[in-house]
Amino acid sequence: MNNHFDEQYLINDQLKDMLKSNNIDGIVEFITNHRPQYLYKYVSLGAPNDEKEISNPILPQLTNLSRIKLYDLEHSLLYFSKLTQFDDEEEYNNIQLSSKNKAIKEQFNKMRECEKRDLVCSLCGETELSPLLWVHYANCYQGFRLKFKLIERKEHYIYKVFYTDKRYTVDISDNNGWQNIFDLVRYTKEAKWLGQNEYRIALGEVPNIPDSQIWSKKNYSDCGLILEEITIGTNCKEEYKVILNDIATKKKIPVSEQPVILPTDINYERYCNAYNLSGKESNFIKDTLKLRSKCNA
């Protein structure tokens with residue numbers, strides 16, 4: 001095993017041990033205080049939705065989403081969205097209420113609605129399975145990856161995502177640790193997503209943003225991040241490569257190109273065995289393998 005894989009395995013294994021002993025406080029303390037040296041953001045370019053023509057009266061040069069993403073990079077902007085917009089359909093289905101008391105139900109539902117308005121940005125730590133992330137989130141090496149160094153910012157919080165299929169039942173009436181369970185659920189995903197090694201930056205509920213608005217943008221430095229490097233996927237369009245190299249030059253940071261590493265070239269079976277993943281839990285990997293022909297196109 002390489003160091004990144006080994007560390008990722010040990011961290012989640014440690015959290016699962018805490019869960020077995022019902023040490024919810026310990027898990028929440030860990031995921032809210034653990035800090036990796038670097039975080040990575042994979043960005044898609046060139047996908048059909050990215051290239052769809054749009055009208056932007058304020059910035060008419062931004063004719064599609066790909067151009068908008070490059071503009072955000074040039075201006076050091078990070079995209080945040082509400083948890084309800086994330087790609088995991090089970091994101092908010094792992095907590096249930098045991099009490100049938102009407103007042104408690106109302107309190108519970110109010111808390112859930114508040115949490116769903118939180119704005120969050122997902123990034124990744126080091127992972128042996130980065131080829132999967134290049135395929136899924138950087139459009140089969142047509143996009144790019146950003147490498148960030150962390151700096152401390154008290155106004156925002158970086159959380160380590162914990163991967164488990166456990167479901168939680170909360171009895172708010174006893175008022176005993178239920179807040180920590182809510183905090184844990186916010187940053188828990190199904191085991192099948194473990195290869196992402198995800199971290200999240202949470203802005204919390206941002207005032208003056210209407211419920212209908214599902215996104216916001218923040219400067220890297222405001223999020224506790226310093227951009228250190230840009231890596232361009234080898235399948236990226238030449239016009240976008242020129243823009244990315246120009247942005248790196250202006251920012252005085254290194255830029256490199258990432259050749260295609262097919263998912264079949266990594267030992268994903270070892271990964272599945274180490275995490276006891278099988279069946280639907282390894283769908284993230286299986287779905288990626290189906291895209292290997294597109295990576296070679």
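Keep in mind that what you see is a predicted model, and the values were worked out from it rather than measured.
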*Can any side-chain N or O of S66 pair as donor or acceptor with the backbone N or O of L45 at less than 3.5 Å?*
no

*Measure the CD-NZ distance between E257 and K241 for me, rounded to the nearest 0.5 Å.*
3.5 Å

*Is the NZ or CZ atom of K160 positioned over Y199's six-membered ring, under 6.0 angstrom from the centre and within 45° of the axis?*
yes

*Rounded to the nearest 0.5 Å, what separation is found between the CG atom of D222 and the CG atom of L78?*
10.5 Å

*Fit a plane to each ring of Y40 and Y38, take the angle between them on a 0 to 90° scale, and name the class: parallel (under 30°), tilted (30 to 60°) or perpendicular (over 60°).*
tilted

*asked:* Are the side chains of L73 and V43 in contact, using a 4.5 Å heavy-atom criterion?
replied: no

_Minimum heavy-atom separation for Y240 and G46, please, with both atom names._
CE1-N, 4.4 Å

*Using a cut-off of 6.0 Å, state whether more than 12 heavy atoms not belonging to E74 lie near its atom CD.*
yes

*So, R67 and E53, do they make that salt bridge, N to O below 4.0 Å?*
no

*Going from NZ on K41 to CG on L146, what distance comes out if it is rounded to the nearest 0.5 angstrom?*
9.0 Å

*Supply the atom-to-atom distance Q196 CD to H136 NE2, rounded to the nearest 0.5 angstrom.*
8.5 Å

*Report the residue from V120, I158, L123 that forms a side chain to side chain contact (heavy atoms under 4.5 Å, CB included) with R200.*
V120

*Indicate the ring-plane relationship of Y141 and W134, choosing parallel, tilted or perpendicular according to the 30° and 60° boundaries.*
parallel

*With a 4.5 Å heavy-atom cut-off, do E126 and P36 have their side chains touching?*
no

*What do the steps show when you test K217 against H75 for side chain to side chain contact (heavy atoms under 4.5 Å, CB included), and what is the final call?*
CA-CA 11 Å; K217 294 179 182 180; H75 293 83; over 6 Å; no

*Might you confirm whether atom NZ of K149 has over 12 heavy atoms from other residues, nucleotides or ligands at distances under 6.0 Å?*
no

*Taking atom types as modelled and ignoring hydrogens, do the side chains of Q258 and T231 form a donor-acceptor contact shorter than 3.5 angstrom?*
no

*Rounded to the nearest 0.5 Å, how far apart are NE2 of H34 and CD1 of I11?*
3.5 Å

*Just how far is it from atom CZ of F148 to atom CD of Q37, taken to the nearest 0.5 Å?*
15.5 Å

*So, the side chain of D72 versus the backbone of L77: is there a donor-acceptor pair under 3.5 Å, distance only?*
no

*Is the closest side-chain heavy-atom distance between V255 and L244 below 4.5 Å?*
no

*Residue pair Y137 / R145, side-chain heavy-atom distance below 4.5 Å*: no

*Apply side chain to side chain contact (heavy atoms under 4.5 Å, CB included) to L150 and L225, showing your working.*
CA-CA 5 Å; L150 277 68; L225 301 173; 4.3 Å; yes

*asked:* Quick one, E51 and K237 - any side-chain contact, counting heavy atoms below 4.5 Å?
replied: yes

